[in-house]
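To keep things clear, I will list the structure first and then write my remarks on it.
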Amino acid sequence: MQTEPESEEQAAPETSWFERPENQFKMIVDLAVACVLLLLADFFYENPHPHFAIETTFGFQAWFGFVAFVGVVFLGRLLRLIVRREEDYYDR
Amino acid sequence: MIGDFLLPPGWIMIVGVLLLPLFNRRGAGQAVAVLVLSVLSLVAFLLTPSGDYGQLEVFGATLNVVRIDSLSRIFGVVFHLAAILSAVYALHVRDVRQHAAGVVYAGAAIGACCVGDLMSLFVYWELTALSSVFLVWASDSERSYRSGMRYLIIQVGSGVLLLAGAIIRYVETDSLAFERFTPAGGTISLGALLILLAFGIKCAFPLLHNWLQDSYPEATVTGTVFLSAFTTKLAVYSLARGFPGTEALIWIGCAMTLFPIIYAVIENDLRRVLAYSLNNQLGFMVVGVGIGTELAINGTVAHAFCHIIYKALLFMTMGAVLYRVGTVKATELGGLHKSMPWTTGFCLIGAGAISGFPLLSGFISKSMILSAAGEEHRLVVWLILLVASAGVMEHSGIKIPFFAFFAHDSGKRPREAPLHMLIAMGAAAFLCVALGVGYPLLYRWLPFPVDYHPYTVTHVVTQLQLLLFAALAFVVLMKTHLYPAEQRSTNLDSDWVYRRALPTLAHGGGIVVKSVVGTCRHAMMVILVRVLSVAGSLFNERGLLGRTWSTGVMTFWAGVLLAICLVLYYL
């Protein structure tokens with residue numbers, strides 16, 4: 001489909017550290033562990049200057065970050081339904 | 001004229017461009033000259049003490065050609081840094097147009113942030129537009145030519161609005177001084193409104209924004225790095241000087257942080273994703289200007305400073321990919337980390353910095369704006385900025401590095417970026433870390449005294465929660481195949497109005513006008529023919545009015561007329 005540019009040196013798609021399934025699994029587990037630890041960290045400190053009541057609730061920015069991310073992605077999917085056109089739309 | 005120094009800030013670069021033709025255009029001389037000019041200009045700028053220079057009386061108005069204060073100083077410094085980084089990055093370019101355009105553009109932006117009156121600002125304002133468009137045109141394609149034309153029309157239009165606003169303001173206040181235009185709690189005058197609109201266009205306010213996403217991705221590999229630094233941040237500087245504490249800017253800024261992140265999710269061209277991301281980052285700064293407290297303005301300025309560096313870094317990494325692979329479409333990339341490990345690493349640092357990971361530059365500046373919103377107890381604004389922060393993590397923190405360098409292997413094995421590009425990227429990456437760790441150095445330069453500590457336990461933990469849970473959401477969406485796949489597409493944005501709707505309307509309007517005119521003409525002809533035929537039938541030799549009457553008939557009618565007159569006389 002895509003012609004290969006001249007600058008390519010070796011064509012063999014060897015797998016790198018990041019592409020091995022066991023390493024990917026390990027990275028995901030590490031991320032999950034880090035998330036759990038960050039949630040637990042909420043028990044060990046107190047926000048000295050909260051500006052809003054919601055700030056001091058348990059794990060607020062954690063679930064908010066998760067929900068916001070998912071929300072943005074789904075809004076993107078929705079937007080694509082409305083605004084997506086062919087790549088050469090303006091060139092025709 | 002100018003007082004105790006030779007040239008106003010930026011002029012070493014603007015005038016120095018005349019030296020470029022002296023160098024062989026096939027050699028590296030021109031590129032090196034641009035770099036040397038940028039460094040010389042920075043040294044001269046740092047040696048120039050703050051103050052007002054060069055008052056001029058022109059037609060009774062006082063112009064203040066050079067004003068350097070704490071606000072212009074920090075923008076001047078970061079503009080110089082951006083110019084130097086871009087110049088190093090562009091050392092391989094053998095195109096005098098790009099060198100000349102880049103150096104004049106940077107010089108004009110530096111000059112613009114060191115003026116004290118609106119007329120001088122207008123001159124620099126237009127100079128940035130006129131010089132920067134050549135960085136788009138230098139791509140030498142039909143697409144870039146058209147895009148550059150749209151860019152130029154909009155940018156020059158912004159300048160015209162600025163000029164109109166300045167003139168009206170001169171009539172209103174008898175002063176051309178570039179100062180705060182909105183007295184606290186006061187209403188905004190017509191002149192100030194036009195000036196705000198001019199700034200708003202350059203700052204890519206919602207619905208005025210699309211020149212940015214339209215043109216930046218069409219510029220050359222190195223041109224986009226130049227472009228990303230100056231125009232929009234000059235607008236942020238101008239807003240911070242002219243309109244601090246303007247309530248409307250808070251909501252404009254909020255809208256700016258939100259809608260580009262949604263577009264960024266579905267955009268395939270990674271440089272265009274960065275353009276949307278740039279728009280989103282400007283939103284944070286506009287919110288800061290709108291809040292207008294000392295902490296908020298400090299946050300805005302600090303964020304502009306950090307943003308220029310990490311955004312240039314991200315555009316440099318994508319430029320390196322474009323330079324080596326020939327495309328930055330996410331659908332055609334992937335797996336590049338194997339052959340471009342350094343570029344990948346620098347991209348990750350830039351992505352971390354823009355996302356606001358602790359120890360990187362975005363963390364110490366963006367958190368100031370969020371804290372400023374908190375201190376004013378603006379919950380909605382604060383929540384919107386949090387959503388926007390998660391959105392930044394999505395498009396710049398994950399999407400850019402993931403789809404370019406990881407994801408599925410495209411099979412492409414381009415060579416690592418050239419050495420000078422790596423040096424420029426490395427220097428920018430170093431600055432991202434240095435600003436994140438050595439933040440007090442930056443805080444010292446801010447316009448107001450700073451009593452702010454970014455590295456509190458609360459800040460670090462909550463920010464990491466936000467970012468890592470956002471990353472977790474990405475993993476979940478990828479594993480469940482809910483994350484939208486990259487697709488080749490054009491996504492309609494507000495430029496559709498002037499690229500499609502208005503031309504179509506104009507075309508349709510033309511047809512309507514034509515048919516109305518045609519119908520009217522036809523009707524007129526029909527009426528004319530009727531009138532002529534009636535006249536003809538009346539006035540021919542047999543017609544009522546045209547035929548010959550006998551004397552008796554004439555006498556009879558004269559008698560009747562006289563009788564009627566007689567009757568009327570007696571009534």
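Here is how names work: the chains are called A, B, and so on, in the same order as the sequence lines, proteins then strands, and each is numbered from 1.
Of the atoms belonging to Q487(B), heavy atoms from both backbone and side chain fall under 4.5 Å from chain A. Only the side chain of Y45(A) comes within less than 4.5 Å of a heavy atom in chain B; its backbone stays farther off. Of the two parts of L75(A), the backbone and the side chain both hold a non-hydrogen atom closer than 4.5 Å to a non-hydrogen atom of chain B. There is no contact between L78(A) and chain B, counting heavy-atom distances below 4.5 Å. The parts of L386(B) that come within reach of chain A are both its backbone and its side chain, each placing non-hydrogen atoms under 4.5 angstrom from that chain. Contact of F44(A) with chain B is not made at all, since no heavy-atom distance falls under 4.5 Å. With a 4.5 Å cut-off on non-hydrogen atoms, R143(B) touches chain A through its side chain but not through its backbone. Contacts of H408(B) with chain A are absent, with no heavy-atom separation under 4.5 Å from either backbone or side chain. With a 4.5 Å cut-off on non-hydrogen atoms, I398(B) touches chain A through its side chain but not through its backbone. Using a 4.5 Å cut-off between heavy atoms, Y89(A) contacts chain B through both its backbone and its side chain. Heavy-atom distances place both the backbone and the side chain of L482(B) under 4.5 Å from chain A. A373(B) touches chain A through its backbone: at least one of N, CA, C or O sits under 4.5 Å from a heavy atom, while the side chain does not. L467(B) does not touch chain A: none of its heavy atoms, backbone or side chain, sits under 4.5 Å away. Proximity to chain A involves both the backbone and the side chain of W496(B), based on heavy atoms less than 4.5 angstrom apart.
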Go through the steps to decide whether R500(B) and D495(B) satisfy the test salt bridge (Lys or Arg N to Asp or Glu O under 4.0 Å), and finish with yes or no. CA-CA 8 Å; R500(B) 264 301 152 97; D495(B) 59 345; over 6 Å; no
Can K338(B) and D409(B) be said to form a salt bridge (Lys or Arg N to Asp or Glu O under 4.0 Å), step by step? CA-CA 10 Å; K338(B) 289 177 217 170; D409(B) 192 349; 2.5 Å; yes
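In terms of heavy-atom pairs under 4.5 Å with chain B, the best-connected choice from R85(A), H49(A), E86(A) is R85(A). Comparing E55(A), E46(A), R84(A), R77(A) by heavy-atom pairs within less than 4.5 Å of chain B, the highest count is held by R84(A). For the set H377(B), M393(B), H459(B), the count of heavy-atom pairs under 4.5 angstrom toward chain A peaks at H377(B). Between chain A and the residues V387(B), T462(B), V265(B), L468(B), the most heavy-atom pairs under 4.5 angstrom are made by T462(B). When the candidates L379(B), V457(B), V475(B) are compared by the number of heavy-atom contacts under 4.5 Å with chain A, L379(B) comes out ahead. Looking only at heavy-atom pairs under 4.5 Å with chain A, the residue among S371(B), G374(B), G326(B) that has the most is G374(B). Looking only at heavy-atom pairs under 4.5 Å with chain B, the residue among W17(A), F74(A), F18(A) that has the most is F18(A).
A salt bridge does not link K26(A) to E22(A): none of the charged nitrogens lies less than 4.0 Å from a carboxylate oxygen. Checked for salt-bridge contact, D214(B) and R272(B) miss the test: no charged N lies under 4.0 Å from a carboxylate O. Of the charged side-chain nitrogens involved, at least one lies within less than 4.0 Å of a carboxylate oxygen, so that E486(B) and K399(B) count as a salt-bridged pair. Ion pairing of K329(B) with E87(A) is present here, as a side-chain N (NZ or NE/NH1/NH2) and a carboxylate O approach within less than 4.0 Å.
Between F402(B) and F474(B), a ring centre-to-centre spacing shorter than 6.0 Å is recorded. Aromatic rings from Y276(B) and H395(B) are positioned such that their centres are separated by 6.0 Å or more. Between F363(B) and Y455(B), a ring centre-to-centre spacing shorter than 6.0 Å is recorded. Under the 6.0 Å cut-off for aromatic ring centres, F43(A) and F58(A) qualify, their centroids lying closer than that.
At least one side-chain heavy atom of P48(A) sits less than 4.5 Å from a side-chain heavy atom of T458(B).
With rounding to the nearest 0.5 Å, the separation of CD in E332(B) from OG1 in T327(B) is 4.5 Å.
Between D42(A) and T57(A), the shortest heavy-atom distance links the atoms OD2-O, 4.4 Å.
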